[in-house]
Protein chains: 2
Amino acid sequence: MATALKRKGGSKSEGTTRIQGINRRIILDAALEVFSAYGFRGSTIDQIATKAGMSKPNLLYYFPRKQNIYVTVLEDTLEEWLRPLDDIDPDGDPVEELRKYITLKLKMSEEKPEASRLFANEILHGAPAISDFLKGHLKKLVDEKATVIRRWVDERKLAPVDPYHLIFMIWATTQHYADFDVQVRAILGSQVNRPGFHEQTAQAVIGIILNGIKPRD
Amino acid sequence: MATALKRKGGSKSEGTTRIQGINRRIILDAALEVFSAYGFRGSTIDQIATKAGMSKPNLLYYFPRKQNIYVTVLEDTLEEWLRPLDDIDPDGDPVEELRKYITLKLKMSEEKPEASRLFANEILHGAPAISDFLKGHLKKLVDEKATVIRRWVDERKLAPVDPYHLIFMIWATTQHYADFDVQVRAILGSQVNRPGFHEQTAQAVIGIILNGIKPRD
DNA sequence: CTGCATTTTGACCAAGTAGTCAAGTTTTTG
DNA sequence: CAAAAACTTGACTACTTGGTCAAAATGCAG
């Protein structure tokens with residue numbers, strides 16, 4: 001039989017037991033750590049299994065292929081990662097909405113840098129596992145928000161700016177603090193750990209970008 | 001004997017022959033392509049050898065370890081990659097100097113995205129091979145330029161802005177177009193290939209950042 | 001052209017790793 | 001509590017891959 005996970009015949013169609021729920025969660029958490037640190041090819045099933053506290057065959061009982069674990073972690077992460085963009089309110093104040101968005105993205109980079117790195121690594125290597133997602137769901141979402149931003153520009157609520165490049169700039173800048181963390185630390189040294197560092201970062205980033213796009217009369 | 005490459009005894013101390021010069025160049029070019037596409041762990045010596053048009057043992061005759069090839073490519077790349085920052089003229093016009101710098105970085109991302117990706121991948125995975133370089137040479141260079149920018153701010157030639165975060169933002173944004181190329185393409189589609197796309201990108205990026213840091217009276 | 005140094009490679013080895021399997025243990029359920 | 005289902009794992013296989021080696025081919029100085 002092909003499917004590894006099944007239930008007693010005729011039972012609920014929802015095919016997960018208590019133990020499955022627990023273990024899949026443990027595995028995915030371990031996998032995020034490992035994959036984000038070493039990349040797909042650089043990670044071994046054994047590493048993930050050890051971090052998850054179980055044997056390799058046991059892990060493979062839940063995810064029969066290494067690819068399966070990877071894709072699942074990636075998809076789970078992606079959904080969460082994009083949500084803030086979706087939450088930009090077309091009827092809000094443009095500058096305020098973008099301030100909120102940038103703040104949120106910086107906070108996510110701070111709190112879950114592994115997610116950012118996992119994603120960055122995937123894209124960097126050509127996004128073999130999610131190119132459909134990029135061209136489909138992501139493009140649609142970005143197109144939508146770009147339209148909103150363009151309207152804001154037309155209404156003179158923002159300086160004339162290309163919406164797509166603005167979005168790229170926000171992504172690039174905010175994720176930089178997660179993806180290039182070691183470089184940031186090498187250059188800034190211990191001040192990265194000082195309290196208030198993240199607020200200071202947010203202020204600097206927001207300052208430049210928002211001043212760059214505020215309408216000039 | 002430990003050294004693989006040697007010359008006829010007592011000859012010139014410059015230990016490279018004609019063939020060595022040619023082949024090392026070929027290997028390093030092939031290695032940049034392969035490593036930037038697949039990362040260190042994801043690349044095989046065989047891949048590089050094939051792309052270089054020689055057998056694996058032959059490649060290993062020139063670089064006895066996979067690490068050696070990688071580190072050599074990385075160092076060669078790094079030097080070139082940082083040069084534009086070094087070229088910022090402390091006595092030039094601030095806005096003009098930064099415009100030049102951003103333009104140059106965007107051009108490099110367009111013309112040699114592999115170099116950017118190689119570097120991004122290394123940093124993303126903790127920079128095991130170049131952390132000394134980051135904390136030494138790079139930090140020194142950035143500190144130097146940050147001082148210049150800070151002086152420009154003090155002289156009211158730029159709006160008050162944190163020099164380090166400004167530099168990070170420029171790096172992040174310009175390299176984004178190389179490192180996240182597939183994502184940019186997925187979202188913008190065919191217009192990425194239209195003539196003038198890069199000029200348009202430059203204009204958008206420069207527009208936001210420079211407006212963001214121009215002194216406001 | 002000769003002989004030595006350099007370059008090249010097929011065949012091989014050892015280590016590491018994805019995935020299998022059959023046999024055990026634990027959990028659930030009637 | 002007994003049987004069935006779900007879970008767990010040690011031992012194993014097949015394959016990939018970094019690196020070795022000895023012998024052959026080529027380049028080159030005199």
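Sequence lines set the chain letters: A, B, ... in the order given, protein chains first and strands last, and positions in each chain run from 1. Side chains included, hydrogens not; waters and symmetry mates left out as well; all remaining heavy atoms used.
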Pairwise salt bridge (Lys or Arg N to Asp or Glu O under 4.0 Å) hits with a residue in [range], at least two apart:
{"range": "residues 65-84 of chain A", "result": "E79(A)-R83(A), E80(A)-K112(A)"}
{"range": "residues 121-140 of chain A", "result": "K139(A)-D143(A)"}
{"range": "residues 169-193 of chain A", "result": "D181(A)-R185(A)"}
{"range": "residues 166-176 of chain B", "result": "none"}

Using 30° and 60° as the class limits, which term best fits the ring planes of F168(B) and H165(B): parallel, tilted or perpendicular?
->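 The arrangement is perpendicular - the two ring planes meet at more than 60°.
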
Report all interatomic pairs (protein N or O, nucleotide N or O of nucleotides 18-22 of chain D) with separations under 3.5 Å.
| unit_1 | atom_1 | unit_2 | atom_2 | d |
| --- | --- | --- | --- | --- |
| dG18(D) | OP1 | S43(B) | O | 3.3 |
| dG18(D) | OP1 | K66(B) | NZ | 3.2 |
| dG18(D) | OP2 | I45(B) | N | 3.0 |
| dG18(D) | N7 | K56(B) | NZ | 3.0 |
| dG19(D) | OP2 | K66(B) | N | 2.9 |
| dG19(D) | N7 | K56(B) | NZ | 3.4 |
| dG19(D) | O6 | K56(B) | NZ | 3.1 |
| dT20(D) | OP1 | R65(B) | NH2 | 2.9 |

Mapping R18(B) and N58(A) to their closest nucleotides on DNA chain D, which lands nearer the 5' end?
->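 That would be N58(A).
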
Send over the distance from [X] [atom1] to [N] [atom2], rounded to a whole Å.
{"X": "R24(A)", "N": "dC7(D)", "atom1": "CZ", "atom2": "P", "result": "11 Å"}
{"X": "Y38(A)", "N": "dG16(C)", "atom1": "OH", "atom2": "P", "result": "16 Å"}
{"X": "I22(B)", "N": "dT6(C)", "atom1": "CD1", "atom2": "P", "result": "16 Å"}
{"X": "L59(A)", "N": "dC21(C)", "atom1": "CG", "atom2": "P", "result": "18 Å"}
{"X": "Q20(A)", "N": "dT27(C)", "atom1": "CD", "atom2": "P", "result": "15 Å"}

With sequence neighbours left out, write down each residue that passes salt bridge (charged side-chain N to carboxylate O under 4.0 Å, His left out) with E96(A), or none if nothing qualifies.
-> R99(A)

Quantified as the angle between the terminal helix axes (five pairs each), what is the overall bend of the helix from dC1(C)-dG30(D) to dG30(C)-dC1(D) to 10 degrees?
-> 20°

Nucleic acid contacts of residues 124-131 of chain B, taken as heavy-atom distances under 4.0 Å to DNA chain C | none

What pairs with Y70(B) under ring pair (Phe, Tyr, Trp, His ring centres under 6.0 Å), at least two apart in sequence or on another chain?
-> F35(B), F40(B)

Does a side-chain N or O of [X] approach OP1 or OP2 of [N] to a distance below 4.0 Å, or not?
{"X": "T17(A)", "N": "dC7(D)", "value": "yes"}
{"X": "Y61(B)", "N": "dT7(C)", "value": "yes"}
{"X": "N23(B)", "N": "dT6(C)", "value": "no"}

Between E97(B) and K100(B), is there a side-chain N and carboxylate O pair less than 4.0 Å apart?
->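 Salt bridge between E97(B) and K100(B), a charged N being under 4.0 Å from a carboxylate O: yes.
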
Among pairs that include at least one residue of residues 29-41 of chain A, which meet side chain to side chain donor-acceptor pair (under 3.5 Å), considering only residues two or more places apart or in two chains?
->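 For residues 29-41 of chain A: R25(A)-D29(A), E33(A)-K51(A).
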
Can you name the side-chain contact (heavy atoms from CB on, under 4.5 Å) partners of L141(A), sequence neighbours left out?
-> L82(A), L85(A), D86(A), K145(A)

Could you list the residues that satisfy side-chain contact (heavy atoms from CB on, under 4.5 Å) with P57(A), not counting sequence neighbours?
->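 Expected list: S55(A).
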
